[in-house]
Amino acid sequence: MDIVYAHLDRRAGLGAQPSGEASEVLGALWAHAMPEDGLEHASVRSQGDRVDLLMYLLTLDSAAPDFRPGTHRADTLLRRCYSTSPLLRRRYLPPSPLG
């Protein structure tokens with residue numbers, strides 16, 4: 001299993017973090033996950049100015065012709081989630097590149 005850390009920084013001026021923020025981010029992540037991402041489990045924790053994510057991904061065979069490292073798959077998933085979720089775009093800055 002590959003474990004990848006990522007975070008999303010909150011936009012300035014939005015006030016206090018909403019209750020249930022971690023659940024909303026987690027829900028958006030699962031809603032946009034695709035089988036090829038290999039997402040098995042995820043956890044989200046709210047911090048002062050950001051949310052931290054741990055994504056647990058299936059480890060793939062590095063000899064496979066379509067192999068993509070866990071950081072690449074997590075980055076693709078987080079960017080897909082961000083680009084298609086109005087909630088994430090409204091509340092957070094674009095994700096920083098992983099890896």
Side-chain angles (χ1 to χ4, degrees):
M1 183 166 291
D2 296 328
I3 302 171
V4 179
Y5 165 80
H7 72 275
L8 292 171
D9 294 314
R10 285 192 194 88
R11 292 188 182 276
L14 292 181
Q17 62 193 28
S19 65
E21 175 182 41
S23 295
E24 291 173 348
V25 172
L26 193 57
L29 189 69
W30 278 109
H32 296 97
M34 301 177 87
E36 61 266 26
D37 298 325
L39 185 63
E40 288 286 297
H41 178 73
S43 61
V44 178
R45 185 174 124 192
S46 295
Q47 296 284 43
D49 60 347
R50 68 178 193 269
V51 290
D52 294 326
L53 298 95
L54 282 178
M55 292 174 269
Y56 300 79
L57 308 171
L58 287 173
T59 300
L60 301 179
D61 179 5
S62 61
D66 59 347
F67 173 76
R68 294 182 306 142
T71 53
H72 183 268
R73 290 181 288 136
D75 188 62
T76 300
L77 170 57
L78 190 56
R79 290 181 183 287
R80 180 184 325 114
C81 185
Y82 183 85
S83 69
T84 55
S85 171
L87 174 100
L88 294 186
R89 287 194 317 272
R90 185 172 50 251
R91 194 177 292 161
Y92 305 100
L93 298 172
S96 300
L98 301 177

Rounded to the nearest 0.5 Å, what separates atom CG in L57 from atom CZ in R68?
10.0 Å
When you compare the side chain of [Y] with that of [X], does any pair of heavy atoms fall below 4.5 Å?
X   : Y   : result
D49 : H7  : no
M34 : R80 : yes
L39 : L29 : yes
V51 : R10 : yes

State which residues pass side-chain contact (heavy atoms from CB on, under 4.5 Å) with R79; sequence neighbours excluded, sorted by chain then number.
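Here the qualifying residues are D75, P95, P97.
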Considering residues at least two apart in sequence or located in another chain, which fulfil the side-chain contact (heavy atoms from CB on, under 4.5 Å) criterion with L87?
E24, S85, R90, R91
Side chain to side chain donor-acceptor pair (under 3.5 Å) partners of T84, counting only residues at least two apart:
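Here the qualifying residues are H32.
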Counting only N and O atoms by type, is there a donor-acceptor contact under 3.5 Å from the side chain of R11 to the main-chain atoms of R89?
yes
Donor-acceptor pair, side chain of Y82 and main chain of Y92, under 3.5 angstrom
yes
Quick one: closest heavy-atom pair of [X] and [Y], and the distance?
X   : Y   : answer
L88 : A28 : CD1-CB, 4.1 Å
A6  : L98 : CB-CD2, 3.7 Å
L8  : L93 : CD2-O, 4.1 Å
T71 : V4  : N-CG2, 4.0 Å

Could you list the residues that satisfy salt bridge (Lys or Arg N to Asp or Glu O under 4.0 Å) with D52, not counting sequence neighbours?
R50
Which residues pass the salt bridge (Lys or Arg N to Asp or Glu O under 4.0 Å) test with R45, sequence neighbours left out?
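If we apply the salt bridge (Lys or Arg N to Asp or Glu O under 4.0 Å) test to R45, skipping adjacent residues, there are no hits.
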So which residues get pulled into Y56's cluster when ILVMFWY side chains under 4.5 Å apart are joined, directly or through others?
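Via sub-4.5 Å side-chain contacts, Y56 links to M1, I3, Y5, L54.
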In sequence, state the C-alpha distance, the side-chain angles, and the governing distance for D37 and M55, and then conclude on side chain to side chain contact (heavy atoms under 4.5 Å, CB included).
CA-CA 10 Å; D37 298 325; M55 292 174 269; over 6 Å; no
List the steps and the verdict of side chain to side chain contact (heavy atoms under 4.5 Å, CB included) for E36 and T76.
CA-CA 10 Å; E36 61 266 26; T76 300; over 6 Å; no
